[in-house]
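This report concerns only the one structure given below.
Here the structure is a predicted model, which is why all the values come from computation and not from measurement. Heavy atoms only: backbone and side chains are in, while hydrogens, waters and symmetry mates are out.
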Amino acid sequence: MSELNFQGRTVLVIGGSSGIGNGIARAFLRAGALVHVWGTRASAADYTGEAGSELEGLAYEQMDAADSEAIEAYEPPFARLDVLVQSQGIALYGRREFDLAEFRRVLDVNLTSLMACCLRFRPMLAAAQGSVIIVSSSAAFHATVGNPAYNASKAGAAGLTRTLARAWAEEGIRINGIAPGFVATRLTAVTVDNPARRAAALARIPLKRFGTVEEMAGIALFLASPLSGYIVGQTLLADGGMLL
């Protein structure tokens with residue numbers, strides 16, 4: 001059997017309704033897994049027609065990742081959980097993150113929710129000897145002018161990945177992360193769709209192109225598979241060489 005065959009496995013992708021999270025969810029679905037996703041809208045139908053939001057075959061539920069109490073009280077419709085992917089995240093542009101209330105909002109979604117979800121599903125992951133994959137960002141390793149909350153949250157995500165991995169490895173839970181560079185999604189549209197910003201970004205990337213959702217999904221499959229069985233607490237940087 002292929003190490004990338006997830007037949008009979010159950011996967012939950014937080015933020016799996018769009019972007020990188022949706023690409024990861026669909027990759028696990030193609031690999032045979034039963035895949036559940038959380039998104040912010042009331043139903044899967046509310047994403048119909050949107051690029052980067054393909055929910056057919058995925059079990060969708062609405063959840064506000066910033067609502068720690070709702071996560072703690074959540075009763076899953078699945079009896080086991082093999083893989084938890086945390087791809088939730090927001091960024092507020094126009095220097096809105098310099099407002100303290102907005103700063104807290106971003107941290108609640110991008111960082112605090114990671115801990116809330118890990119705590120909620122820890123027993124199920126331990127029982128399945130499962131894995132957690134935390135999607136942070138290359139922003140964890142460099143400054144992002146104008147987005148202090150996003151930057152702090154992504155750096156925090158990388159730190160949380162290390163610390164929880166060390167704490168829970170003895171329970172059989174492997175925790176690792178992915179730090180994407182520029183990938184064309186709604187979150188990065190402010191750069192990707194702006195000719196000047198796009199050119200400036202590409203000039204910093206040795207591969208001279210943006211990454212793809214499919215490439216990030218491939219890393220997620222690897223990190224959840226036996227191929228990475230001895231990797232613990234690492235955040236894999238996938239930025240086309242940008243930070244070299």
Side-chain angles (χ1 to χ4, degrees), residues 11-31 33 35-66 83-93 97 105-111 113-114 117 132-140 144 147 149-151 153-154 157-158 161 177-194 197-198 201 205 209-224 235-240 242:
V11 178
L12 171 62
V13 183
I14 314 299
S17 57
S18 63
I20 291 174
N22 188 247
I24 291 173
R26 300 211 62 78
F28 276 108
L29 184 68
R30 289 192 298 271
V35 184
H36 295 255
V37 300
W38 285 0
T40 58
R41 302 182 190 179
S43 72
D46 293 320
Y47 295 91
T48 301
E50 287 198 15
S53 295
E54 175 53 64
L55 297 175
E56 184 177 356
L58 306 175
Y60 177 85
E61 289 184 278
Q62 180 186 34
M63 177 64 73
D64 178 1
V83 182
L84 172 64
V85 180
Q86 302 218 54
S87 188
Q88 63 268 41
I90 60 172
L92 304 178
Y93 298 104
E97 293 180 8
R105 177 188 168 201
V106 173
L107 260 66
D108 282 345
V109 174
N110 294 9
L111 181 57
S113 70
L114 301 177
C117 291
V132 179
I133 299 166
I134 293 175
V135 180
S136 62
S137 168
S138 61
T144 51
N147 291 95
Y150 182 82
N151 193 290
S153 68
K154 294 305 183 178
T161 297
I178 307 170
F182 279 107
V183 176
T185 66
R186 286 202 297 269
L187 192 66
T188 60
V190 66
T191 295
V192 174
D193 295 343
N194 180 299
R197 290 185 177 183
R198 179 186 181 92
I205 302 171
R209 66 174 179 84
F210 297 128
T212 68
V213 167
E214 290 75 19
E215 287 170 328
M216 302 306 117
I219 299 170
L221 290 179
F222 166 70
L223 288 176
T235 296
L236 301 187
L237 180 62
D239 68 346
M242 183 176 66

Distance from Ser17 atom OG to Met63 atom CE, nearest 0.5 Å? 13.0 Å
Heavy atoms of Thr235 and Ser136 approach each other most closely as CG2-OG, 3.7 Å
Suppose we screen for salt bridge (charged side-chain N to carboxylate O under 4.0 Å, His left out). Which residues come up paired with Arg198, at least two apart in sequence or across chains? none
Thr40: what forms a side chain to side chain contact (heavy atoms under 4.5 Å, CB included) with it, not counting sequence neighbours? Tyr47
Taking the side chain as C-beta and beyond, is there a heavy-atom pair between Leu237 and Met242 under 4.5 Å? no
Would Arg30 and Glu214 pass as an ion pair if we require N to O under 4.0 Å? no
For the residue pair Val37 and Ala25, what are the closest heavy atoms and their distance? CG1-CB, 3.7 Å
pair Ile14-Leu84: side-chain heavy atoms closer than 4.5 Å: yes
Just verifying a value: how many Å separate Ile205 CD1 and Phe182 CZ, rounded to the nearest 0.5 Å? 6.5 Å
Rounded to the nearest 0.5 Å, what separates atom NZ in Lys154 from atom CG in Asn147? 11.5 Å
As an exercise, state the distance from CG of Asp108 to CD of Gln88, rounded to the nearest 0.5 Å. 11.5 Å
Of the non-hydrogen atoms in Ile20 and Pro180, which two are nearest, and what is the gap between them? CD1-CG, 3.8 Å
Heavy-atom closest pair, residues Leu114 and Gln86: O-NE2, 2.9 Å
Approximate separation, where rounding is to 0.5 Å, of Arg105 CZ and Leu92 CG: 5.0 Å
Atom pair CH2 (Trp38) and CG (Leu58), whose distance is rounded to the nearest 0.5 Å: 15.0 Å
If I compare all heavy atoms of Ala66 with all of Val109, which pair ends up nearest, and what's the gap? CB-CG2, 3.9 Å
What's the shortest heavy-atom distance between Arg41 and Tyr60, and which atoms? O-OH, 2.5 Å
For the residue pair Asn110 / Ser153, report whether a side-chain donor-acceptor contact shorter than 3.5 Å exists. yes
What residues, two or more places apart in sequence or in another chain, satisfy side chain to side chain contact (heavy atoms under 4.5 Å, CB included) together with Ala220? Ile24, Phe28, Ile133, Ile178
